[in-house]
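A short write-up of the structure that comes next.
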Amino acid sequence: MGARWADIRAAAVAADGAGFDGLWTWDHLRDPDGDPAGVPECLTILAALAEVTKRVTLGPLALNVANRHPGLLANMAATIQQVSGGRFILGLGAGGNKKTPYAREQEALGLAVEPDAVRAQRVVEAAQVVRRLWSGDSTSFTGAHYRLDRPEGYLHADPAPPIVIGGFGPRMAGIAGKYGDGFNTRARHPRLAELAQIAREENKAAGRDPGSFSLSVFAGFAPAWLRADAENRAALERVGVDRVILLVEPPYDPSQIRAAGRLLAG
């Protein structure tokens, strides 16, 4: 929120060199607190970061499917996959409901903020649409919200990026397991173990490869998540968490990021 490109670039380069695994961006259209600097568009930023970094994975945490038609999103994601040399991860989410401060960013543009069940179904269909277009599937698709009419000639994603679906309850955990390659939620979620189990069971029931399904969480940027011997880390490992995403607010301090990398490395 309110970050400038030059600062994002400096922080990303520092993280790339400090040993972190990946970089993630918001998908918001405005700052609910009214910062006049605004919020840079996340996929544009990720494409730029693909050029200034060398090894980190790149992804949105998580894209609000209401902001882009999944056909357009499939093309954008496949393009970033090319630019990054295969380092892209597609994070998908249902967006905030009417009770969140983020609803206003859609309402101001005339975009409906739909009920939870409807927004969740949009995530399901978006995942299906992007996979079809990435693979070159030219058959038609008709869903409740999106359709494809004999699509041909769309950009393939090679390899197809993993799809990580974010959420906070059993419904989204189940959708992630059935239609995604991973699930993301809060590190301190009181039902983390339950949500992880739901996601994995749905993944297995769908005949997916359980060995490739990932569980990631997000938390604040603090030493408690960086030290290998920290109890916070141990608790996440017991649940089977594969990745911890640490949220950093601008203004960014590259020296702090490099110091955190040294702490992470032990």
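These figures come from a predicted structure and were not determined experimentally. Values below: all heavy atoms of this structure, side chains included; hydrogens, waters and symmetry mates excluded.
Scanning all heavy atoms of the two residues, the minimum distance from Ala77 to Phe88 falls at CB-CE2, 3.6 Å. Pairing each heavy atom of Pro151 with each of Thr139, the nearest pair is CD-O, 3.4 Å. When all heavy atoms of Pro250 and Met1 are compared, the closest pair comes out as CG-O, 3.2 Å. For the residue pair Ala14 and Arg258, the shortest heavy atom distance occurs at CB-NH1, 3.9 Å. When all heavy atoms are compared, the tightest approach of Asp35 to Gly2 is OD2-CA, 3.8 Å. The minimum heavy-atom distance between Ala196 and Leu215, with the atom names listed, is CB-CD2, 3.6 Å.
Expressed to the nearest 0.5 Å, how far CG of Leu263 lies from CZ of Arg227 amounts to 5.5 Å. Note: Ile89 CD1 to Ser214 OG = 7.0 Å, rounded to the nearest 0.5 Å. Atom-to-atom distance recorded for Ile198:CD1 and Arg200:CZ is 12.0 Å, nearest 0.5 angstrom. We find the CZ-CG distance between Phe213 and Asp242 to be 9.5 Å, quoted to the nearest 0.5 Å. Atom CH2 in Trp26 sits 7.0 Å away from atom CG in Leu61 (nearest 0.5 Å). A distance of 8.5 Å separates CD of Glu41 from CG of Leu46, quoted to the nearest 0.5 Å.
Side-chain contact between Tyr179 and Ile163 is absent, with no heavy-atom pair separated by less than 4.5 Å. Annotation: side chain of Leu195 is in contact with side chain of Pro170 (closest heavy-atom distance under 4.5 Å). Counting heavy atoms from C-beta outward, Arg171 and Asp116 have side chains that approach closer than 4.5 Å. Residues Gln81 and Pro161 are in side-chain contact: their nearest non-hydrogen atoms beyond the backbone lie under 4.5 Å apart. Between Asn232 and Arg188 the shortest side-chain heavy-atom distance falls below 4.5 Å. Leu236 has its side chain within reach of Val217: a pair of non-hydrogen atoms, C-beta onward, lies under 4.5 Å apart. Residues Phe221 and Leu247 form no side-chain contact, since every pair of their non-hydrogen atoms from C-beta on lies 4.5 Å or further apart.
Using modelled atom types, one side-chain atom of Arg119 and one backbone atom of Gly95 make a donor-acceptor pair closer than 3.5 Å. Counting only distance, with no hydrogens or angles, the side chain of Glu105 and the backbone of Asp31 share no donor-acceptor pair below 3.5 Å. When atom types are taken as modelled, the side chain of Arg243 and the backbone of Ser216 share no donor-acceptor pair closer than 3.5 angstrom. Judged purely by atom type and a 3.5 angstrom limit, Thr142 has no side-chain atom pairing as donor or acceptor with the backbone of Arg147. Here the side chain of His189 pairs a donor or acceptor atom with the backbone of Phe168 at under 3.5 angstrom. With hydrogens and angles ignored, the 3.5 Å screen pairs no side-chain donor or acceptor of Thr25 with any backbone N or O of Pro60. Remark: side-chain polar atoms of Arg150 are not paired, donor with acceptor, to backbone N or O of Ser140 under 3.5 angstrom.
Linking Ile, Leu, Val, Met, Phe, Trp and Tyr whenever their side-chain heavy atoms come within less than 4.5 Å puts Val65 and Leu72 in one cluster. Residues Val123 and Leu133 do not share a hydrophobic cluster, clusters being chains of Ile/Leu/Val/Met/Phe/Trp/Tyr side chains in contact below 4.5 Å. Put simply, Val248 and Leu226 are part of the same group of oily side chains (I, L, V, M, F, W, Y) that touch within less than 4.5 Å, one to the next. No continuous path of hydrophobic side-chain contacts links Val39 to Met76 [ILVMFWY only; heavy atoms under 4.5 Å]. Residues Leu92 and Ile45 are members of one and the same hydrophobic cluster, defined by side-chain heavy-atom contacts under 4.5 angstrom among Ile, Leu, Val, Met, Phe, Trp and Tyr.
Ring geometry for Tyr146 against His69 counts as perpendicular: the plane angle is over 60°, on a 0 to 90° scale with 30° as the lower cut.
Counted by atom type alone, Asn67 and Gln106 present zero donor-acceptor pairs between their side chains at under 3.5 Å. For the residue pair Ser138/Arg132, the side-chain donor-acceptor check at 3.5 Å is not satisfied. A donor atom on one side chain and an acceptor atom on the other are not found under 3.5 Å apart for Tyr102 and Arg30. With no hydrogens or angles considered, a side-chain donor-acceptor pair links Thr53 and Arg87 at under 3.5 Å.
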Show your reasoning for whether side chain to side chain contact (heavy atoms under 4.5 Å, CB included) applies to Phe218 and Leu246. CA-CA 6 Å; Phe218 63 87; Leu246 304 178; over 6 Å; no
Kindly determine whether Ile175 and Phe183 satisfy side chain to side chain contact (heavy atoms under 4.5 Å, CB included), including the steps that lead there. CA-CA 9 Å; Ile175 288 173; Phe183 177 59; over 6 Å; no
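Salt bridge Lys54/Asp16: absent, no basic N to carboxylate O contact under 4.0 Å. Between Arg131 and Asp137 there is no salt bridge, since no side-chain N of the basic residue sits under 4.0 Å from a carboxylate O of the acidic one. Ionic pairing of Asp27 and Arg68 is present here: one or more N-O contacts between side-chain nitrogen and carboxylate oxygen are shorter than 4.0 angstrom. The existence of a salt bridge linking Glu202 and Arg208 is excluded, since no basic side-chain nitrogen approaches an acidic carboxylate oxygen closer than 4.0 Å.
Residue Glu231 places its CD atom among more than 12 non-hydrogen atoms of other residues, nucleotides or ligands, all under 6.0 Å distant. Remark: Arg4 CZ is loosely packed, at most 12 non-hydrogen atoms of other residues, nucleotides or ligands lying under 6.0 Å away.
None of Leu155, Val129, Leu90, Asp158 except one satisfies the side chain to side chain contact (heavy atoms under 4.5 Å, CB included) rule with Trp134; the exception is Leu90.
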